[in-house]
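Data first, discussion second: the structure below is written as structure tokens.
In this text the structure is predicted, and so the values were computed from the model without any measurement.
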Amino acid sequence: MINNDLNIHFNEDKTINAVLYIVSKIDRKDFHKIFKLLYFADRNHFADYGRPITGDNYIKMEDGPVPSNLYDIFKTIRGNGYYKDTDGKFSKFFSVEHYCFIKANLEPNLNQLSKTDLRYLDMSIDENGTLDYPTIRDKSHDFAWNNAIMGRGLSFENILREKGIEDEYIHYLKDRAETKKIFDK
């Protein structure tokens with residue numbers, strides 16, 4: 001959900017701890033399940049609070065939205081990512097087993113996540129954590145996914161519209177971000 005118009009940026013620490021939190025709560029800890037649980041939590045938190053949890057950019061892939069930065073982190077740990085994990089920056093948190101399963105190497109630092117972050121992660125886990133692969137895949141093929149180009153990012157407007165957010169609120173978020181950019185200079 002990186003969008004310079006909204007001044008949303010990927011938060012690596014929050015993302016890592018959100019993944020560690022999810023992994024501590026679910027049985028099947030594969031990339032796909034983690035990606036979808038994060039997507040639903042980010043989408044719903046963004047709609048209700050005007051900010052996502054992770055700030056990641058969700059890309060339209062065949063099996064649903066994929067958080068681009070997190071996927072790069074997982075591939076790096078696996079050994080076939082763009083980056084090299086020679087200093088153990090990411091592998092101290094996770095290991096990848098059997099190509100696509102995440103094993104937590106540390107407990108989540110809950111101080112990195114707000115109360116609402118945790119609540120929305122829990123809601124996503126409760127609603128989707130036990131869904132099988134085809135069901136969660138189909139559920140993630142929502143309005144935002146259907147209106148994106150394969151291999152490209154889902155638009156923040158469509159992610160919000162999926163949740164029934166009106167254009168007036170979307171324009172408010174854009175205006176708020178523009179004001180923040182001006183004052184952050």
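- Residues passing the salt bridge (charged side-chain N to carboxylate O under 4.0 Å, His left out) test with Arg78, sequence neighbours excluded: none.
- When the ring pair (Phe, Tyr, Trp, His ring centres under 6.0 Å) test is applied to Tyr71, the partners found at least two apart in sequence or on another chain are Phe35.
- Here the CG atom belonging to Leu154 is positioned 5.0 Å from the CD1 atom belonging to Ile159, to the nearest 0.5 angstrom.
- Checking Asn128 against Lys36 by side-chain atom types alone, no donor-acceptor pair falls below 3.5 Å.
- One N or O on the side chain of Lys60 and one on the backbone of Ala148 form a donor-acceptor pair closer than 3.5 Å.
- Linking Ile, Leu, Val, Met, Phe, Trp and Tyr whenever their side-chain heavy atoms come within less than 4.5 Å leaves Leu173 and Phe143 in two separate clusters.
- A donor-acceptor pair under 3.5 Å links the side-chain atoms of Ser124 to the main chain of Leu37, judged by distance alone.
- Taking CG from Asn147 and CD from Glu157, the interatomic distance works out to 11.5 Å, rounded to the nearest 0.5 Å.
- Using modelled atom types and a 3.5 Å distance limit, the side chains of Tyr58 and Asp42 yield a donor-acceptor pair.
- The two residues Leu38 and Ala18 have their closest heavy-atom pair at CD2-CB, 3.9 Å.
- In this structure, Thr15 OG1 and Gln112 CD are separated by 10.5 Å, a value rounded to the nearest 0.5 Å.
- Linking ILVMFWY side-chain heavy atoms closer than 4.5 Å, directly or via other members, places Leu106 and Ile102 in a single hydrophobic cluster.
- Atom CG of Leu20 and atom CD1 of Ile34 lie 9.5 Å apart (nearest 0.5 Å).
- Between Asp117 and Arg51 there is a salt bridge, with a side-chain nitrogen of the basic residue lying less than 4.0 Å from a carboxylate oxygen of the acidic one.
- Using a 4.5 Å heavy-atom threshold, the side chains of Ile170 and Phe156 count as touching.
- A salt bridge does not link Asp87 to Lys89: none of the charged nitrogens lies less than 4.0 Å from a carboxylate oxygen.
- Counting heavy atoms from C-beta on, the side chains of Ile77 and Phe93 never come closer than 4.5 Å.
- A distance of 11.0 Å separates NZ of Lys75 from CG of Leu70, quoted to the nearest 0.5 Å.
- Taking each heavy atom of Ala41 and Leu121 in turn, the nearest pair found is CB-CD2, 3.8 Å.
- Phe101 and Ile136 fall into different hydrophobic clusters, where Ile, Leu, Val, Met, Phe, Trp and Tyr side chains are chained together by heavy-atom contacts under 4.5 Å.
- Although no hydrogens or angles enter the test, the distance criterion places a donor-acceptor pair under 3.5 Å between the side chain of Asn105 and the main chain of Ser91.
- Not a single ring pair (Phe, Tyr, Trp, His ring centres under 6.0 Å) links His171 to another residue, sequence neighbours left out.
- Taking the charged nitrogens against the carboxylate oxygens, Asp122 and Arg119 have no contact shorter than 4.0 Å, which rules out a salt bridge.
- Seen from the ring of Phe94, Lys29 does not count as a face-on cation partner, given the 6.0 Å and 45° thresholds.
- One hydrophobic cluster holds both Phe10 and Phe46 under the rule that ILVMFWY side chains link at heavy-atom gaps under 4.5 Å.
- Scanning for ring pair (Phe, Tyr, Trp, His ring centres under 6.0 Å) contacts around His45 gives Tyr49, Tyr120, with sequence neighbours left out.
- For the pair Asn146 (side chain) and His141 (backbone), a donor-acceptor distance under 3.5 Å is present.
- Every residue was checked against the salt bridge (charged side-chain N to carboxylate O under 4.0 Å, His left out) condition with Lys92, not counting sequence neighbours, and none meets it.
- With sequence neighbours excluded, the residues forming a salt bridge (charged side-chain N to carboxylate O under 4.0 Å, His left out) with Arg137 are Asp63, listed by chain and number.
- In plain terms, the two heavy atoms of Lys14 and Ile53 that are nearest each other are CD-O, 3.3 Å.
- Side-chain atoms of Trp145 come within 3.5 Å of backbone atoms of Met61 as a donor-acceptor pair (strictly under, hydrogens ignored).
- Checked by atom type and distance alone, the side chain of Lys33 pairs as donor or acceptor with a backbone atom of Leu131 at under 3.5 Å.
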